[in-house]
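One structure is given below, encoded as structure tokens.
Atoms considered below: every heavy atom in the structure, side chains included; atoms not considered: hydrogens, waters and symmetry mates. We name chains A, B, ... by the order of the sequence lines, and we start the count at 1 in each one.
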Amino acid sequence: MMKQKVYVIVGPTASGKTAAAIELAKLINGEIISADSMQIYKKMNIGTAKPTLKEMQGIVHHMIDIVEPDDDFSVAMFQKMAKECIKEIFLRGKTPIVVGGTGLYINSITYLLDFTKTIHDEVLREKLNKMDNIQLHQLLKNADEQSAQRIHPNDKKRVIRRLEILQSGKTDSYDFDVPNTEHQFIISGLSTDRKLLYERINQRVDDMVQNGLIDEAKCVYNQYGGKITSMQAIGYKEIVGFFEDKISQEECIELIRRNTRRFAKRQLTWFCRDERINWINTTEFSNMKELAQSMIK
RNA sequence: GCCUCGGUAGCUCAGCCGGUAGAGCAAGGGACUGAAAAUCCCUGUGUCGGUGGUUCGACCCCACUCUGAGGCA
């Protein structure tokens, strides 16, 4: 039996994924599954560049606005829910289109990442977090020499996570790069000249501010404070500094621009590693429809 | 027209007595296994405005020249 096709669109922020996905959905009777770690949060619309109802043009979107800004969320939950979405979309006789810039979330669908055998232990994390980097890394070295070599002592988050995994009894190393062959994934990556991409990012930040980003951030900040995970999003965390009088509004906007540029670079690094991605230079297309057409095999 | 101060990395600037240069920011590269827009690692990219001169050797001294800012007329 022919495997079912799942379309995937990746790329750095501001590369045009949202519009391309909607255009593709219109062409192939698709539904969109957002793979974006920040668009899952309600009340954070402008800064996360969520598509508006109008932009969606009637295309069904999943995995957007699914939790409150102060709710816990993780890849594990994303994977479970997104895989459910894929199943249901097929049942409706439609085609899933996974689109997003969160590499880990994308990989949780297109690779065989298994999050069911390990746990998440908040108490342990807090305990370990009190130790210093060297101590912690030594602890890991004693338990798992290989991981200790791979993970830098300063990358505390990863050292702790690794110790947490060991704590849950799983000691075998699992492969990060075993492709998920359950479906036929057709993965397109949107690329643009770096300079042009940066110009678009700068422009988009300005647009976001014009559209009321600061008020939106203030709303979330007033309700939940600045320490929740969702407030770590670019475009929000910088504004916290502004609210707390640490920086001026101009400095804050410049910071958002810079951090978004750096983020785009990190996304590119992540996606460039995946050789299954078929890269499309967006500047070669005069309109979104043509671009979407080029993604269909 | 004269005087003063400047011209060194993408930007802002250091550079002691002459031994061909270094900080911050920006930038580039990479990692990534339940926070991932997070977290972390690595890297100086340069005709020192130009042309001559002095010198074994010039970013540094001298002359001329181009250029920017200010001052005096």
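- Set against G34(B), A26(B), A35(B), the side chain of Val75(A) has G34(B) as its closest nucleotide.
- Rounded to an integer number of Å, the gap from Trp270(A) CH2 to U39(B) P is 15 Å.
- At a threshold of 4.0 angstrom between heavy atoms, the contacts of Asn259(A) with the nucleic acid are absent.
- When only modelled atom types and interatomic distance are considered, Asp207(A) and Gln203(A) share a side-chain donor-acceptor pair under 3.5 Å.
- Applying the 4.0 Å criterion to OP1 and OP2 of G34(B), one finds that Lys117(A) has every side-chain N and O outside that range.
- Listed nucleotides: A38(B), A36(B), A27(B). Nearest to the side chain of Thr229(A): A36(B).
- Considering only heavy atoms from C-beta on, Ser230(A) comes within 4.5 Å of Met44(A) through its side chain.
- Residue Phe115(A) is the one, among Phe115(A) and Ile234(A), whose nearest nucleotide of RNA chain B lies closer to the 5' end (criterion: closest heavy atom).
- Contact between the side-chain N/O atoms of Lys156(A) and the OP1/OP2 oxygens of U39(B) is not found at any separation under 4.0 Å.
- In this structure, CD on Gln184(A) lies 7.5 Å from OH on Tyr7(A), to the nearest 0.5 angstrom.
- When the C1' atom is compared between G50(B) and C66(B), the two are found 7 Å apart, to the nearest whole Å.
- One interatomic measurement links the two molecules: CD1 of Ile151(A) to C1' of C42(B), which rounds to 18 Å at whole-angstrom precision.
- In summary, Lys289(A) and Glu23(A) do not engage in a salt bridge, as defined by a charged side-chain N under 4.0 Å from a carboxylate O.
- For the OP1/OP2 pair of G29(B) and a distance below 4.0 Å, the side-chain nitrogens and oxygens of Arg194(A) include at least one atom meeting the criterion.
- OP1 or OP2 of A35(B) lies within a sub-4.0 Å distance of a side-chain N or O belonging to His120(A).
- Of all nucleotides present, only G50(B) satisfies the Watson-Crick or G-U wobble test against C64(B), with each distance under 3.5 Å.
- In this structure, the CZ atom of Arg162(A) is 13 Å from the C1' atom of G34(B), given to the nearest Å.
- Comparing A31(B) with A38(B), their C1' atoms sit 14 Å apart, to the nearest whole Å.
- Taking atom P on both G10(B) and G44(B), the two are 16 Å apart, rounded to the nearest angstrom.
- Pairing partner, G1(B): C72(B), with both Watson-Crick or wobble hydrogen-bond distances short of 3.5 Å.
- Nucleotides U4(B) and A21(B) place their C1' atoms 27 Å apart, quoted to the nearest Å.
- Spacing between C61(B) and C2(B) at atom P, rounded to whole Å, works out to 22 Å.
- Here Ser74(A) does not reach the OP1 or OP2 of A35(B): none of its side-chain N or O atoms lies under 4.0 Å away.
- Counting only N and O atoms by type, the side chains of Asn259(A) and Glu238(A) include a donor and acceptor under 3.5 Å apart.
- Figure legend. C25(B) is base-paired to G10(B); pairs are counted as Watson-Crick or G-U wobble with both atom distances under 3.5 Å.
- The interatomic distance linking Phe263(A) (CZ) with A27(B) (C1') rounds to 19 Å, in whole Å.
- Atom-to-atom, NZ of Lys157(A) to P of A31(B) comes out at 18 Å; the value is rounded to the nearest Å.
- Look at Arg92(A) and Glu88(A) and you find a salt bridge, because one of the NZ, NE, NH1 or NH2 atoms lies within 4.0 Å of a carboxylate O, short of that distance.
- The interatomic distance linking Ile160(A) (CD1) with A38(B) (P) rounds to 18 Å, in whole Å.
- Using a 4.5 Å heavy-atom threshold, the side chains of Tyr236(A) and Met38(A) count as separate.
- Where Phe73(A) and Asn154(A) meet RNA chain B, the nucleotide closest to each residue was compared, and Phe73(A) sits on the side nearer the 5' end.
- Between the CG atom of Asp72(A) and the C1' atom of G34(B) there is a distance of 11 Å, rounded to whole Å.
- One C1' atom belongs to C59(B), the other to U47(B), and the distance between them is 12 Å to the nearest Å.
- Across all strands shown, nothing is found opposite A36(B) as a Watson-Crick or G-U wobble partner with both distances under 3.5 Å.
- Within the nucleic acid shown, Gly47(A) comes within 4.0 Å of at least one base atom, counting heavy atoms only.
- Residue-level contact check: Thr48(A) touches the bases, meaning some heavy atom is under 4.0 Å from a base atom.
- Note on Lys127(A) versus Glu164(A): no salt bridge recorded, every NZ/NE/NH1/NH2 to OD/OE distance being 4.0 Å or above.
- Nucleotides C62(B) and G46(B) are separated by 25 Å at their C1' atoms, to the nearest Å.
- Side-chain N/O atoms of Arg125(A) include none lying less than 4.0 angstrom from OP1 or OP2 on G34(B).
- In this structure, Arg266(A) reaches the bases: a heavy-atom distance under 4.0 Å links it to at least one base atom across the strands shown.
- Closest to the side chain of Arg161(A), out of G30(B), G34(B), A38(B), is G34(B).
- Within 3.5 Å, a donor on the side chain of Arg158(A) pairs with an acceptor on the base of A36(B), or the reverse.
- Across C13(B) and A9(B), the matching P atoms stand 11 Å from one another, rounded to whole Å.
- Using a 4.0 Å heavy-atom distance criterion, Tyr105(A) is classed as a sugar-phosphate-only contact.
- Atom NE2 of His152(A) is separated from atom P of C41(B) by 6 Å (rounded to the nearest Å).
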